[in-house]
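Remember, it's a predicted structure, so these values are computed and weren't measured experimentally. Heavy atoms only: backbone and side chains are in, while hydrogens, waters and symmetry mates are out. We count residues from 1, following the sequence as given.
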Amino acid sequence: MFLLDAPVTAKRQVARDMFVIAMDAPEIATSVRAGQFVNLGWSPGPLLRRPFSVYRVDHGRIEIVLKAVGDGTAQLLAMRVGDRLSCVGPLGHGFDLMSGLRSVVLISGGLGVAPMPLAAREAKSLGMRVTWVHGARTRDELCSEAEGSDVIWATDDGSKGFAGTAVAAAPDADLVLACGPNRMLSAVAGRWPEALVAVETYMGCGTGVCLGCAVPLRGGGYDRACKEGPVYRAADIDWASLPSDLAYAVTP
(Lines give C-alpha, C1' and ligand atoms only; values in the text may rest on other atoms or scores of the structure.)
Protein backbone atom coordinates (compact mmCIF):
# COMPACT_ATOMS: atom_id res chain seq x y z
CA MET A 1 0.00 0.00 0.00
CA PHE A 2 1.31 3.43 -1.00
CA LEU A 3 0.40 7.00 -0.03
CA LEU A 4 1.09 9.25 -2.99
CA ASP A 5 0.73 12.90 -3.92
CA ALA A 6 -0.77 12.27 -7.36
CA PRO A 7 -1.16 15.07 -9.93
CA VAL A 8 -4.14 14.95 -12.26
CA THR A 9 -2.95 14.40 -15.84
CA ALA A 10 -6.12 14.15 -17.96
CA LYS A 11 -9.91 13.93 -17.97
CA ARG A 12 -12.30 12.61 -20.61
CA GLN A 13 -15.99 11.81 -20.95
CA VAL A 14 -16.99 8.21 -21.72
CA ALA A 15 -20.81 8.35 -21.34
CA ARG A 16 -23.51 10.80 -20.35
CA ASP A 17 -22.39 12.25 -17.00
CA MET A 18 -19.59 9.64 -16.77
CA PHE A 19 -15.95 10.74 -16.80
CA VAL A 20 -12.48 9.26 -16.46
CA ILE A 21 -9.78 11.04 -14.47
CA ALA A 22 -6.13 10.07 -14.87
CA MET A 23 -3.37 10.74 -12.36
CA ASP A 24 0.33 9.95 -11.96
CA ALA A 25 0.73 7.12 -9.44
CA PRO A 26 3.54 4.87 -10.70
CA GLU A 27 3.89 2.68 -7.61
CA ILE A 28 0.19 1.86 -7.68
CA ALA A 29 0.12 1.43 -11.46
CA THR A 30 2.75 -1.30 -11.30
CA SER A 31 1.13 -3.26 -8.46
CA VAL A 32 -2.66 -2.90 -8.72
CA ARG A 33 -4.88 -5.89 -9.64
CA ALA A 34 -8.30 -5.83 -11.23
CA GLY A 35 -10.97 -5.13 -8.60
CA GLN A 36 -8.67 -3.28 -6.22
CA PHE A 37 -9.29 0.37 -5.47
CA VAL A 38 -7.70 3.61 -4.32
CA ASN A 39 -8.90 5.99 -1.62
CA LEU A 40 -8.66 9.63 -2.66
CA GLY A 41 -8.50 12.78 -0.58
CA TRP A 42 -8.05 16.42 -1.53
CA SER A 43 -8.09 19.86 0.05
CA PRO A 44 -10.47 21.48 0.43
CA GLY A 45 -12.66 18.42 0.20
CA PRO A 46 -14.79 15.93 2.13
CA LEU A 47 -13.75 14.80 5.59
CA LEU A 48 -13.49 11.18 4.48
CA ARG A 49 -11.58 9.90 1.48
CA ARG A 50 -13.55 8.54 -1.46
CA PRO A 51 -12.99 4.98 -2.82
CA PHE A 52 -12.68 4.33 -6.57
CA SER A 53 -11.82 1.15 -8.43
CA VAL A 54 -8.79 1.49 -10.66
CA TYR A 55 -10.10 1.61 -14.23
CA ARG A 56 -6.96 1.47 -16.36
CA VAL A 57 -3.19 1.82 -15.96
CA ASP A 58 -0.75 3.19 -18.51
CA HIS A 59 2.89 4.25 -18.21
CA GLY A 60 2.79 5.05 -14.50
CA ARG A 61 -0.71 6.57 -14.62
CA ILE A 62 -3.88 5.18 -13.10
CA GLU A 63 -7.44 6.08 -14.05
CA ILE A 64 -10.73 6.13 -12.19
CA VAL A 65 -14.25 6.44 -13.57
CA LEU A 66 -16.99 8.44 -11.85
CA LYS A 67 -20.17 10.46 -12.11
CA ALA A 68 -20.96 13.70 -10.31
CA VAL A 69 -23.48 12.41 -7.77
CA GLY A 70 -22.61 14.64 -4.81
CA ASP A 71 -20.38 17.47 -3.67
CA GLY A 72 -17.28 15.25 -3.45
CA THR A 73 -17.42 13.86 -6.97
CA ALA A 74 -18.40 17.28 -8.32
CA GLN A 75 -15.23 18.68 -6.77
CA LEU A 76 -13.18 15.91 -8.37
CA LEU A 77 -14.65 16.62 -11.79
CA ALA A 78 -13.89 20.33 -11.39
CA MET A 79 -10.17 19.61 -10.98
CA ARG A 80 -7.74 20.64 -13.67
CA VAL A 81 -4.57 19.08 -15.00
CA GLY A 82 -1.86 19.65 -12.41
CA ASP A 83 -4.20 19.67 -9.40
CA ARG A 84 -3.09 17.11 -6.84
CA LEU A 85 -4.84 14.25 -5.07
CA SER A 86 -3.78 12.33 -1.98
CA CYS A 87 -3.98 8.75 -3.22
CA VAL A 88 -3.82 5.61 -1.02
CA GLY A 89 -3.65 2.21 -2.67
CA PRO A 90 -3.90 -0.33 -4.02
CA LEU A 91 -6.50 -1.45 -1.48
CA GLY A 92 -8.76 -4.47 -1.11
CA HIS A 93 -8.85 -7.98 -2.51
CA GLY A 94 -9.36 -8.06 -6.26
CA PHE A 95 -10.41 -10.69 -8.79
CA ASP A 96 -8.53 -14.00 -8.68
CA LEU A 97 -8.17 -15.21 -12.26
CA MET A 98 -7.01 -18.78 -12.57
CA SER A 99 -4.88 -20.04 -15.44
CA GLY A 100 -6.17 -22.92 -17.53
CA LEU A 101 -9.67 -21.54 -18.10
CA ARG A 102 -10.78 -20.98 -21.69
CA SER A 103 -13.43 -18.28 -21.38
CA VAL A 104 -14.52 -15.47 -19.08
CA VAL A 105 -17.57 -13.23 -19.15
CA LEU A 106 -17.33 -9.74 -17.64
CA ILE A 107 -20.70 -8.27 -16.63
CA SER A 108 -20.93 -4.61 -15.71
CA GLY A 109 -23.79 -2.25 -14.99
CA GLY A 110 -23.38 1.52 -15.01
CA LEU A 111 -20.25 2.50 -13.08
CA GLY A 112 -19.54 -1.21 -12.67
CA VAL A 113 -17.33 -0.83 -15.75
CA ALA A 114 -14.63 0.39 -13.35
CA PRO A 115 -12.61 -2.83 -12.76
CA MET A 116 -13.30 -4.44 -16.14
CA PRO A 117 -10.47 -3.12 -18.38
CA LEU A 118 -7.86 -4.49 -15.95
CA ALA A 119 -9.77 -7.77 -15.65
CA ALA A 120 -9.98 -8.09 -19.43
CA ARG A 121 -6.26 -7.43 -19.80
CA GLU A 122 -5.32 -10.02 -17.19
CA ALA A 123 -7.70 -12.62 -18.64
CA LYS A 124 -6.27 -12.12 -22.13
CA SER A 125 -2.75 -12.57 -20.75
CA LEU A 126 -3.87 -15.96 -19.40
CA GLY A 127 -5.16 -17.01 -22.79
CA MET A 128 -8.89 -16.64 -22.07
CA ARG A 129 -11.52 -15.56 -24.56
CA VAL A 130 -13.09 -12.44 -23.05
CA THR A 131 -16.73 -11.50 -23.53
CA TRP A 132 -17.72 -8.16 -22.02
CA VAL A 133 -21.41 -7.48 -21.37
CA HIS A 134 -22.18 -3.92 -20.36
CA GLY A 135 -25.62 -2.65 -19.42
CA ALA A 136 -27.25 0.70 -18.66
CA ARG A 137 -30.69 2.27 -18.77
CA THR A 138 -30.20 3.92 -22.18
CA ARG A 139 -27.55 4.00 -24.92
CA ASP A 140 -26.34 7.43 -23.77
CA GLU A 141 -25.38 5.94 -20.40
CA LEU A 142 -23.32 3.09 -21.88
CA CYS A 143 -19.58 3.50 -21.44
CA SER A 144 -18.06 4.14 -24.88
CA GLU A 145 -14.88 2.22 -23.99
CA ALA A 146 -14.84 -1.56 -23.89
CA GLU A 147 -12.35 -4.39 -24.22
CA GLY A 148 -12.89 -8.02 -25.10
CA SER A 149 -12.91 -10.59 -27.86
CA ASP A 150 -16.67 -9.99 -27.98
CA VAL A 151 -18.68 -7.04 -26.62
CA ILE A 152 -22.41 -7.21 -25.88
CA TRP A 153 -24.40 -4.05 -25.10
CA ALA A 154 -27.64 -4.17 -23.09
CA THR A 155 -30.09 -1.34 -22.41
CA ASP A 156 -33.24 -1.35 -20.32
CA ASP A 157 -35.09 0.63 -22.99
CA GLY A 158 -33.71 -1.32 -25.94
CA SER A 159 -32.06 1.76 -27.47
CA LYS A 160 -28.83 -0.19 -28.14
CA GLY A 161 -28.04 -3.89 -28.26
CA PHE A 162 -29.97 -6.37 -26.15
CA ALA A 163 -33.26 -5.07 -24.74
CA GLY A 164 -33.00 -5.96 -21.07
CA THR A 165 -30.42 -6.45 -18.36
CA ALA A 166 -26.75 -7.28 -18.76
CA VAL A 167 -27.31 -10.45 -16.71
CA ALA A 168 -30.00 -11.64 -19.11
CA ALA A 169 -27.80 -10.81 -22.11
CA ALA A 170 -24.72 -12.63 -20.83
CA PRO A 171 -23.70 -16.06 -22.13
CA ASP A 172 -22.26 -18.79 -19.94
CA ALA A 173 -18.49 -19.16 -19.54
CA ASP A 174 -15.88 -20.95 -17.47
CA LEU A 175 -15.64 -17.90 -15.22
CA VAL A 176 -18.00 -14.96 -14.62
CA LEU A 177 -16.86 -11.63 -13.14
CA ALA A 178 -19.38 -8.91 -12.31
CA CYS A 179 -19.53 -5.40 -10.92
CA GLY A 180 -22.49 -3.06 -10.58
CA PRO A 181 -25.48 -2.34 -8.35
CA ASN A 182 -26.14 -4.97 -5.70
CA ARG A 183 -29.51 -5.86 -7.21
CA MET A 184 -27.63 -6.83 -10.38
CA LEU A 185 -25.06 -8.81 -8.43
CA SER A 186 -27.83 -10.65 -6.61
CA ALA A 187 -29.19 -11.72 -10.01
CA VAL A 188 -25.69 -12.85 -10.99
CA ALA A 189 -25.52 -14.95 -7.83
CA GLY A 190 -28.83 -16.59 -8.73
CA ARG A 191 -27.57 -17.64 -12.15
CA TRP A 192 -23.87 -18.24 -11.44
CA PRO A 193 -23.26 -18.95 -7.72
CA GLU A 194 -19.52 -19.36 -8.36
CA ALA A 195 -19.18 -15.97 -10.04
CA LEU A 196 -16.77 -13.42 -8.58
CA VAL A 197 -18.49 -10.13 -7.82
CA ALA A 198 -17.23 -6.72 -6.70
CA VAL A 199 -19.70 -5.61 -4.02
CA GLU A 200 -21.13 -2.11 -3.79
CA THR A 201 -21.07 -0.74 -0.26
CA TYR A 202 -20.35 2.39 1.76
CA MET A 203 -16.77 2.86 2.94
CA GLY A 204 -15.11 5.03 5.53
CA CYS A 205 -11.40 4.47 6.11
CA GLY A 206 -10.80 1.96 3.30
CA THR A 207 -8.20 0.12 5.37
CA GLY A 208 -10.26 -2.18 7.60
CA VAL A 209 -10.26 -0.05 10.77
CA CYS A 210 -13.63 1.72 10.93
CA LEU A 211 -15.84 -1.34 10.12
CA GLY A 212 -18.17 0.89 8.10
CA CYS A 213 -18.19 -1.41 5.06
CA ALA A 214 -19.52 -4.59 6.69
CA VAL A 215 -20.75 -7.22 4.21
CA PRO A 216 -23.19 -9.85 5.56
CA LEU A 217 -22.25 -13.43 4.75
CA ARG A 218 -24.63 -16.33 4.15
CA GLY A 219 -22.60 -18.48 6.52
CA GLY A 220 -23.03 -15.91 9.30
CA GLY A 221 -21.04 -12.92 10.42
CA TYR A 222 -19.59 -10.08 8.39
CA ASP A 223 -16.56 -9.27 6.27
CA ARG A 224 -15.02 -5.89 5.56
CA ALA A 225 -15.47 -4.97 1.91
CA CYS A 226 -12.34 -2.83 1.95
CA LYS A 227 -10.14 -5.61 3.32
CA GLU A 228 -11.50 -9.12 2.65
CA GLY A 229 -13.41 -7.73 -0.36
CA PRO A 230 -14.64 -5.95 -2.35
CA VAL A 231 -14.52 -9.10 -4.53
CA TYR A 232 -16.40 -12.15 -3.24
CA ARG A 233 -17.78 -15.46 -4.47
CA ALA A 234 -21.37 -14.54 -5.32
CA ALA A 235 -22.94 -17.37 -3.31
CA ASP A 236 -21.15 -16.29 -0.12
CA ILE A 237 -23.03 -12.97 0.22
CA ASP A 238 -26.33 -12.58 2.08
CA TRP A 239 -27.85 -10.42 -0.63
CA ALA A 240 -31.17 -9.92 1.16
CA SER A 241 -29.33 -8.07 3.95
CA LEU A 242 -27.51 -5.67 1.62
CA PRO A 243 -29.24 -2.59 0.19
CA SER A 244 -30.19 -3.26 -3.44
CA ASP A 245 -28.82 0.15 -4.39
CA LEU A 246 -27.04 2.97 -2.61
CA ALA A 247 -27.98 6.62 -2.28
CA TYR A 248 -24.79 7.46 -4.14
CA ALA A 249 -22.64 5.49 -6.55
CA VAL A 250 -19.66 3.69 -5.07
CA THR A 251 -16.90 2.05 -7.17
CA PRO A 252 -16.71 -0.13 -5.26
Side-chain angles (χ1 to χ4, degrees), residues 1-29 32 35-92 108-118 136-137 140-145 179-182 198-213 225-226 229-230 243 245-252:
M1 181 174 68
F2 300 93
L3 171 60
L4 305 177
D5 182 31
V8 173
T9 59
K11 180 174 67 176
R12 66 183 183 277
Q13 187 169 3
V14 293
R16 187 174 69 193
D17 300 326
M18 185 186 295
F19 296 84
V20 172
I21 292 178
M23 67 200 80
D24 275 329
E27 294 88 346
I28 295 174
V32 67
Q36 290 186 299
F37 65 97
V38 293
N39 234 13
L40 300 180
W42 58 95
S43 181
L47 174 64
L48 298 177
R49 291 176 178 268
R50 292 291 189 262
F52 296 92
S53 289
V54 176
Y55 178 63
R56 295 178 189 268
V57 299
D58 179 46
H59 295 95
R61 295 185 295 272
I62 65 170
E63 295 181 344
I64 61 168
V65 60
L66 70 158
K67 289 184 176 182
V69 294
D71 291 341
T73 45
Q75 290 171 10
L76 273 178
L77 288 175
M79 288 187 171
R80 300 179 179 180
V81 171
D83 288 345
R84 309 185 85 84
L85 294 164
S86 175
C87 181
V88 179
L91 300 170
S108 58
L111 285 170
V113 300
M116 295 310 177
L118 289 186
R137 289 177 294 182
D140 292 339
E141 296 179 65
L142 289 169
C143 181
S144 60
E145 301 178 349
C179 183
N182 289 333
V199 173
E200 182 181 71
T201 185
Y202 294 111
M203 286 190 185
C205 69
T207 57
V209 176
C210 74
L211 307 181
C213 60
C226 71
D245 205 358
L246 300 182
Y248 66 87
V250 179
T251 57

- prompt: Going through the distances and angles, do D58 and R61 end up as a salt bridge (Lys or Arg N to Asp or Glu O under 4.0 Å)?
  reply: CA-CA 5 Å; D58 179 46; R61 295 185 295 272; 3.1 Å; yes
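- In the displayed structure, R16 atom CZ is contacted under 6.0 Å by more than 12 heavy atoms of other residues, nucleotides or ligands.
- Residues passing the side-chain hydrogen bond (donor to acceptor under 3.5 Å, both in side chains) test with R12 are E63, E145, sequence neighbours excluded.
- Counting all heavy atoms, side chain and backbone alike, A114 lies closest to P117 at O-CD, 3.7 Å.
- Separation of atoms SG (C87) and CZ (F2) is listed at 11.0 Å; rounding is to 0.5 Å.
- Nearest heavy-atom pair, P181 versus G109, reported as atom, atom and distance to 0.1 Å: CD-O, 3.8 Å.
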message: Between L4 and E27, is the side-chain contact (heavy atoms from CB on, under 4.5 Å) condition met? List the steps.
response: CA-CA 9 Å; L4 305 177; E27 294 88 346; 3.5 Å; yes
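- Put simply, CG on L111 and CG on D17 are 10.5 Å apart, with the number rounded to the nearest 0.5 Å.
- Side-chain atoms of F37 and P230, non-hydrogen and from C-beta on, do get closer than 4.5 Å to each other.
- In this structure, CD1 on I28 lies 10.0 Å from CD on Q36, to the nearest 0.5 angstrom.
- Closest approach of P115 to S53, counting heavy atoms only: N-CB, 4.3 Å.
- Atom CG of L85 and atom CZ of R50 lie 13.0 Å apart (nearest 0.5 Å).
- Rounding to the nearest 0.5 Å gives a distance of 3.5 Å between OG of S86 and CZ of R49.
- Contact annotation: the side chain of M18 approaches that of V65 to within less than 4.5 Å [non-hydrogen atoms, C-beta and beyond].
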Side-chain donor/acceptor pairs under 3.5 Å, residues 38-48, sequence neighbours excluded:
| unit_1 | atom_1 | unit_2 | atom_2 | d |
| --- | --- | --- | --- | --- |
| N39 | ND2 | C205 | O | 2.9 |
| W42 | NE1 | Q75 | OE1 | 2.8 |

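- At a threshold of 4.5 Å between non-hydrogen side-chain atoms, the residues M23 and I62 count as touching.
- At least one side-chain heavy atom of F52 sits less than 4.5 Å from a side-chain heavy atom of L66.
- Contact annotation: the side chain of M1 approaches that of L91 to within less than 4.5 Å [non-hydrogen atoms, C-beta and beyond].
- Taking CD from Q13 and CZ from F19, the interatomic distance works out to 4.0 Å, rounded to the nearest 0.5 Å.
- None of L77, V20, L76, V81 except one satisfies the side-chain contact (heavy atoms from CB on, under 4.5 Å) rule with K11; the exception is L77.
- Of all heavy-atom pairs between P90 and V32, the closest is CB-CG2, 3.8 Å.
- Closest of all the heavy-atom pairs between A198 and C179 is CB-SG, 3.8 Å.
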field: salt bridge (Lys or Arg N to Asp or Glu O under 4.0 Å) between R84 and D5, intermediate numbers included
entry: CA-CA 6 Å; R84 309 185 85 84; D5 182 31; 2.6 Å; yes
